Protein chains: 2
Amino acid sequence: MSSATLTRQERIKQRSAERRERSRQKTRQAILEAAIRMFEREGYEGFSLRQVAENIGYTPTTIYLYFKDKDDLLFAVCSQGFTEFNQALQAAYAAHSNPLERLKALGWAYLEFGLSHPLHYQMMFMQRAEWVTKATNTKGDTEGANAYIIQMNAVIEAMKAGVIRMGDPIETTNLIWSGIHGIVSLALSMKGIVPKWEESEVRRLVEDYFQMLTRGLQP
Amino acid sequence: MSSATLTRQERIKQRSAERRERSRQKTRQAILEAAIRMFEREGYEGFSLRQVAENIGYTPTTIYLYFKDKDDLLFAVCSQGFTEFNQALQAAYAAHSNPLERLKALGWAYLEFGLSHPLHYQMMFMQRAEWVTKATNTKGDTEGANAYIIQMNAVIEAMKAGVIRMGDPIETTNLIWSGIHGIVSLALSMKGIVPKWEESEVRRLVEDYFQMLTRGLQP
DNA sequence: GACACCAAATAACACTGTAAAGTATATTGA
DNA sequence: TCAATATACTTTACAGTGTTATTTGGTGTC
């Protein structure tokens with residue numbers, strides 16, 4: 001509507017600005033993708049700005065034109081992990097209608113994410129767990145379903161269905177979440193070090209946990 | 001017996017060597033204590049060899065005469081945390097004779113250690129959890145009661161007493177341990193960030209957990 | 001007193017993140 | 001088309017990190 005009132009020069013200027021902005025987002029994305037590759041190879045401690053820069057043929061300082069500092073870039077990497085995590089849990093939620101099955105499916109999806117993205121999981125929930133809230137706030141409402149909300153909804157539904165006893169939804173969600181997180185985080189830490197924490201054993205542990213949970217939270 | 005066969009010179013030489021060794025252990029201890037202070041102030045990421053050295057008036061390289069590298073010193077710091085942790089759990093164990101009470105007391109002691117030694121806990125069980133086994137192996141048999149064994153014993157006793165159902169002791173111990181660890185680690189991560197994870201809430205969560213556990217693991 | 005040993009310090013290397021200043025290239029307005 | 005300007009990127013530099021090889025200075029031994 002307002003474009004009709006613009007002169008040719010103004011229109012050109014605007015399109016040019018848009019084009020530059022696109023280009024800017026493109027190189028920003030290139031940096032981010034390189035950072036993700038880097039992170040998935042080196043992990044949290046080995047992650048280095050200079051290596052990321054070298055990897056895509058930029059000078060280290062160039063990164064600062066697109067990200068505030070190392071933490072900002074690392075948060076962007078983390079953030080990408082959160083959207084993937086959210087999607088995984090969203091899918092697990094959508095795949096079942098039975099409240100109890102949903103609850104279990106969420107647990108399994110949680111475990112699966114952790115086992116298949118160990119470095120991401122460790123950053124997201126162990127090294128920089130503060131970012132959990134920051135990520136959900138930043139992501140905007142469009143993203144919608146964040147993992148915690150999904151889990152809490154599943155808990156609420158399970159309560160309503162009489163599968164688990166009534167109680168503060170947040171408290172109950174935190175309780176259930178803690179258990180799974182405990183298993184997953186220890187599994188990642190102990191993998192390859194303590195025999196009892198190999199993948200098959202971990203799955204059995206999750207089964208045990210569900211059993212304890214359903215019995216223990218029975219109405 | 002063999003000292004009788006030594007000449008005076010040999011005896012002097014030996015005592016001299018002992019004295020030097022004592023002095024050596026003393027400065028080693030001084031470095032370690034400085035490192036612990038440093039760590040408790042700066043945490044895992046902020047911990048720096050050069051700062052430790054400066055703190056006790058040594059050159060950074062001197063530390064390498066007493067510790068293999070940064071990791072070695074950090075492990076020593078960690079190790080001290082493990083002995084304190086073990087003692088805390090040992091005390092909790094000894095303070096009760098009722099199997100269920102023992103189990104709960106161990107959980108509370110676990111939580112208490114985490115809340116009162118957050119930086120140590122994070123290194124011991126989150127950043128460098130691989131060291132859990134290394135620590136128990138290194139410590140020697142004299143140290144005796146390591147926390148995991150204590151917990152497993154409590155589990156076994158609870159099984160025998162019919163408080164919780166029979167099962168693989170290791171598996172059950174891991175299950176219980178995971179839950180507590182999940183709560184404690186999330187509590188430390190979320191403290192001061194997410195309101196629902198303040199100390200009082202965390203204690204309530206542990207209570208909930210015990211309730212779920214005793215019901216869920218009922219024979 | 002000459003010698004060997006040993007704790008500690010110096011000097012140096014290869015890294016790290018980050019800030020300030022400089023340099024082309026591209027875009028704009030006349 | 002040309003000078004001014006804005007943008008993208010590099011160069012340079014600083015302060016810090018862990019770590020190794022070399023050198024110093026004092027101590028105990030013969």
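Remember, predicted model here, so these are calculated numbers, not experimental data. Just so it is clear: chains get the letters A, B, ... in the order the sequence lines come, proteins before strands, and each one is counted from 1.
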Among D/dA8, C/dT18, C/dT27, which nucleotide has an atom closest to any side-chain atom of A/Y66? D/dA8
Which nucleotide wins on minimum distance to the side chain of B/T62, given the candidates D/dG18, C/dA8, C/dG17? C/dA8
Relative to the 5' end of DNA chain C, which residue comes earlier, B/T59 or A/D71, by the nucleotide with the nearest heavy atom? B/T59
Please report the distance, rounded to the nearest Å, between NZ in B/K70 and P in D/dG18. 5 Å
Under 4.0 Å: is that the gap between some side-chain N or O of A/R19 and OP1 or OP2 of C/dT27? yes
Is there a side-chain polar atom (N or O) of B/S48 under 4.0 Å from OP1 or OP2 of D/dT17? yes
Would one find a side-chain N or O of B/Y58 under 4.0 angstrom from OP1 or OP2 of C/dA8? yes
Is it the case that the base of D/dG16 and the side chain of B/R50 share a donor-acceptor contact (distance under 3.5 Å, atom types as modelled)? no
Can the ring centroids of A/H120 and A/F39 be said to lie less than 6.0 angstrom from one another? yes
What is the distance, to the nearest angstrom, from the CD atom on A/E54 to the C1' atom on D/dT10? 15 Å
Out of C/dT18, D/dT19, D/dA8, whichever nucleotide has its closest atom nearest the side chain of B/L49: D/dT19
The side chain of B/R24 is closest to which nucleotide in this list: D/dT17, C/dT16, C/dA7? C/dA7
Could you state the atom-to-atom distance from CD1 of B/I31 to P of C/dA8 in whole Å? 8 Å
I need the CD-C1' distance between A/E42 and C/dC15, as an integer number of Å. 13 Å
A/L74 has an atom CG; how far is it from atom P of C/dT18, in whole Å? 11 Å
CZ of A/R20 versus P of C/dT27: gap in Å, rounded? 8 Å
Pair B/F82 and B/F113, ring centroids less than 6.0 Å apart: no
Given D/dA21, C/dA8, D/dC9, which nucleotide is nearest the side-chain atoms of B/T61? D/dA21
Round to a whole Å and report the spacing from CG of A/L65 to P of D/dC9. 7 Å
Would a distance-only check, ignoring hydrogens and angles, find a side-chain to backbone donor-acceptor pair under 3.5 Å from B/K68 to B/L73? no
Does OP1 or OP2 of D/dG16 have a side-chain N or O of B/Q51 closer than 4.0 Å? no
For the ring pair B/Y66 and B/Y58, is the centre-to-centre distance below 6.0 Å? no
Derivation and outcome, salt bridge (Lys or Arg N to Asp or Glu O under 4.0 Å), residues B/K191 and B/E198: CA-CA 6 Å; B/K191 189 166 190 174; B/E198 294 308 319; 5.9 Å; no
